[in-house]
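Counting starts at 1 for both ligands and their atoms, following the listed order.
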Amino acid sequence: MPPLAAAPRILVVGSANVDFTVAAARLPRAGETVSGGTLLVNHGGKGANQAVAARRLGAEVRFVACVGDDASGRGIRDALESEGIGVAGVSATREAATGTALIVVDGEGRNQIAVAPGANWRLSVEMARGRADDLAWADVVMCQLETPLETVAWVLDEARRRGAVTVLNPAPVRDGALELCRLVDYLTPNEGEAERLSGIPVSDPTGAAAAARALRERGVGTVVVTLGAAGALACAADGDVRVSAFEVDVIDTTGAGDAFNAGLAVALAEKRPLGAALRFAAATGALACTRRGAQPALPRRTEVERLLSGR
Ligand code: RIB
């Protein structure tokens, strides 16, 4: 898909972390120590990952977040700025340290993640309110659930009021998330999140479609359920759309969902039809699985287009 003349404008409001990732042969069980792994330290956080992914896909991106007033927070801000992302909305607090994620990835690329949110939970409505111009500027506004729900609710509501398309990636799923549905144009749960939000078992595309329909009844415009190796399924007002996953050599799935969300947001901002937007998102997500880490693995637009064209 060639980019349109004007770059789409994406505002991401969300989390930023430092990720400590150990690649090990297998994931530890409770109480178990698994040794012999290798460590990778890099920047992550679902919000920052989505911002970086959207930027690498060619969008103009601004990011609203809260980091600690510490070396990690400054490092995150600098790295985002050198990606070409607008960071005027990244606040620094003295009340908490920058968010941190401990990640273990096994030989099949599956992960376990534990997060200390720290400063992410200090992203207040006041901080977001101070970025009203960014909300007016954006074509698409994306949020996740690693920051306070009241801030997410305020941002989605205000974005809607100002005419932007809203995308909510309900990850990690939390109590109270259902209340946000009426503010969301595109909701992007994975299977587990769709199951928890809808109360409907999601073990296959049929279950995913039933869960998606139930979430639409809560007020969401379009529900996109990501199904890992089974692709993705969208339930929209005018029917369902299903896309397959792209076959790639999986090294590390960390950040794949964030890449998918960024691909979807960019394609929607470019006014692609839903099926094409889902394929673009699926290709972006697939490529993010082929390298280690979250942000280092996020692909550039040329790679996504190459995969889409089958070259
Ligand atoms: O989605 C992956 C991200 O989840 C990681 O980068 C980690 O920081 C957690 O927020």
- Do me a favour and list the nearest non-hydrogen protein atom to atom 3 (C) of ligand 1 with residue, atom name and distance? Asn49 ND2, 3.7 Å
- Task: Would you mind listing which atoms of ligand 1 come within a distance below 4.0 Å of any non-hydrogen atom of Ala294?
- Result: 6 (O)
- Query: So, Asp134 and Arg62, do they make that salt bridge, N to O below 4.0 Å?
  - Reply: yes
- Which residue owns the protein heavy atom closest to atom 4 (O) of ligand 1, what's the atom, and how far is it? Lys46 NZ, 3.1 Å
- Query: Would one find an N or O of Val115, backbone or side chain, under 3.5 Å from an N or O of ligand 1?
  - Reply: no
- Task: Measure Glu146 to ligand 1 on non-hydrogen atoms and call it side chain, backbone, both or neither using the 4.0 Å cut-off.
- Result: side chain
- Per-atom filter on ligand 1: closer than 4.0 angstrom to a heavy atom of Gly44 are 6 (O), 8 (O)
- Query: In terms of residue, atom name and distance, what is the protein heavy atom nearest to atom 2 (C) of ligand 1?
  - Reply: Asp258 OD2, 3.4 Å
- Message: Tell me whether the count of non-hydrogen atoms from other residues, nucleotides or ligands lying under 6.0 Å of CH2 in Trp121 goes above 12.
- Response: no
- Item | Under 4.0 Å to a heavy atom of Asn17 - the qualifying atoms of ligand 1, by number | 7 (C), 8 (O), 9 (C), 10 (O)
- Which atoms of ligand 1 sit under 4.0 Å from any heavy atom of Ala101? 7 (C), 8 (O)
- Query: Under 3.5 Å, is there a donor-acceptor pair linking the side chains of Thr98 and Asp70?
  - Reply: yes
- Is there a heavy atom in Ser15 that sits closer than 4.0 Å to ligand 1? no
- Message: Under 4.0 Å between a side-chain nitrogen and a carboxylate oxygen: does that hold for Arg306 and Glu303?
- Response: no
- Query: So, Glu32 and Arg26, do they make that salt bridge, N to O below 4.0 Å?
  - Reply: yes
- Nearest-contact summary for atom 6 (O) of ligand 1 - protein heavy atom, Å: Asp19 OD2, 2.6 Å
- Is there a donor in the side chain of Arg292 and an acceptor in the side chain of Thr38, or the other way round, less than 3.5 Å apart? yes
- Item | Gap separating the CD atom of Glu158 from the CZ atom of Arg131, nearest 0.5 angstrom | 14.0 Å
- Query: Is the count of non-hydrogen atoms from other residues, nucleotides or ligands lying under 6.0 Å from Gln112 atom CD greater than 12?
  - Reply: yes
